[in-house]
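Before any comments, here is the structure.
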Amino acid sequence: MKHYYSATWDSIKTHRLPDWYDDYKFGIFIHWGIYSVPAYAPLTWELGEVDVDEQWFCNNPYAEWYFNSINVKRGPTYEHHLKTYGKDFAYRDFLPMWKAEKWQPTEWAKLFREIGAKYVVLTTKHHDGFCLFPSQYTYYHCLNYGPKRDIMGELTEAVRTEGLKMGAYYSGVIDWTFSSAPIFTESQNMSNACPTYAYADYAYNHCKELIDRYKPSILWNDIGWPKQGEHMLPSLFAYYYNQVEDAVLDNRWNDLWGDFAHKEYKQGEASRNKKWEMCRGLGLSFGYNQNETDDSLISVKKTDFIVG
C-alpha cells in the first residue's frame, strides 16, 4: 500500500531515501541558459578555498552568476562586459541570442547513458529568473523567448527514454527579476533575496508546476527558500512525495529537511551517517565558461560525483 504523507513535519520526516538514489552513483547536472551566451568568468578558485565575501563575488568563477558579476560593477567579468558589450548592454539583451539552435536532447540523453550516468538534473530556473519550462505564473520563459521550446519537457522525455531518472533544479530564494540588489557576501544570498510573500507564493507555485508537469525524481532547490514561505514547505513536500513515488529532495530548504546532504566543490562536509552528493562543475564553473580549456577541467578518473 502506498504511504500517504500529510502536510506536517512529523509526516514529512518519515520519508525514506528511495533505493534508486542509494544505488545510483553518478549523475549529470546541467546549467544552461541566458548566461551561456556571454559564457564568461575568471578562473579563480573552487568554492570553499576562500571566504565567500566581496573577493569571491567580484571574482566569481561561476559563469551562471554573470548577472551578479556585472551587477557588482567591479572585477574581471564586469571589465570584460564593458569592453565586449558596452555599459548600456543589459543582461536581458543576451536573451534573443540564446536560440538553442543546436539543441539535441536525444543525443544528450544517449551520451549520458553511454558514459554511465544514472540521473540528470536540469536548471529549470536559475538566479536570473528565466524559466526553461512554460509557466502560467510568468511570461519570462523558454516558450516565449530565446529557444521558444520546452527545454525541460524535451530533455525529460529523452532522458526517460534512455532509462535514466530526471530531476529539476530550481533557484528558490534568489530571483533577480524580483530583487536585483548586488550580492557581495554569502549572507546576502538570503538578506538581499526576494523579500515578499508574493515571491514566496510564486516559487511555491512554480515547484507545483514542475511536479505536475514533469514528475521529477529529484527536486533540487538551490541556496535556500524564502523565509516568508517556510510554513508552506510541509505542504509542498507532502504534495511532491504523494505525486512522485520515487521522489528525492536535496537539503537546501533552509536546512529544514532533505533526503540527502551535499558538498559543493570544497564547501560542505562528506558524511558517513547520511547519504550525500558531491556537486561540482567540470571546471570551476557549472555553466559554460569560454575561458575554461581542457587543462582547466577535472581528470576523467574523477567520475564518482554529479557534474555539470
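The basis for the numbers below is simple: all heavy atoms, side chains too, and nothing from hydrogens, waters or symmetry mates.
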*Could you give me the CA-CA distance, side-chain angles and deciding distance for Trp108 and Trp32, then say whether ring pair (Phe, Tyr, Trp, His ring centres under 6.0 Å) is met?*
CA-CA 13 Å; Trp108 283 26; Trp32 192 36; 5.3 Å; yes

Name every donor-acceptor pair, under 3.5 Å, that has one atom in a side chain of residues 142-152 and the other anywhere in the protein, sequence neighbours excluded.
from   : atom 1 : to     : atom 2 : distance (Å)
Asn144 : ND2    : Tyr139 : O      : 3.0
Asn144 : ND2    : His141 : NE2    : 3.1
Arg149 : NE     : Glu154 : OE1    : 3.4
Arg149 : NE     : Glu154 : OE2    : 3.2
Arg149 : NH2    : Glu154 : OE1    : 2.9
Asp150 : OD1    : Met152 : N      : 3.4
Asp150 : OD1    : Gly153 : N      : 2.8
Asp150 : OD1    : Tyr214 : OH     : 2.9
Asp150 : OD2    : Tyr214 : OH     : 3.0

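- Ring-plane geometry between Tyr202 and His206 is classed as tilted, the angle between the planes lying from 30 to 60 degrees on a 0 to 90 degree scale.
- Using a cut-off of 4.0 Å between Lys/Arg side-chain N and Asp/Glu carboxylate O, Lys215 and Glu245 are scored as not salt-bridged.
- The side chain to side chain donor-acceptor pair (under 3.5 Å) pairs that include a residue from residues 50-61 are Glu54-Arg74, where partners are two or more places apart or lie in different chains.
- Residues Leu256 and Leu233 meet the side-chain proximity criterion, which asks for heavy atoms closer than 4.5 Å.
- Using a 4.5 Å cut-off on side-chain heavy atoms (C-beta onward), Ile183 and Ile174 make contact.
- The one candidate from Tyr40, Tyr66, Tyr91 that meets the side-chain hydrogen bond (donor to acceptor under 3.5 Å, both in side chains) condition with His81 is Tyr66.
- Looking only at distances, a side-chain donor or acceptor of Asn221 sits under 3.5 Å from a matching main-chain atom of Gly172.
- Tyr62 places none of its side-chain heavy atoms less than 4.5 Å from the side chain of Ser69.
- Of the possible polar contacts, none joining the Asn289 side chain to the Ser285 backbone as a donor-acceptor pair under 3.5 Å is found.
- Across every non-hydrogen atom of Thr138 and Cys131, the tightest pair is CG2-SG, 4.0 Å.
- No donor-acceptor distance shorter than 3.5 angstrom exists from the side chain of Thr123 to the backbone of His126, with no hydrogens or angles considered.
- Counting only N and O atoms by type, the side chains of Tyr170 and Lys125 include a donor and acceptor under 3.5 Å apart.
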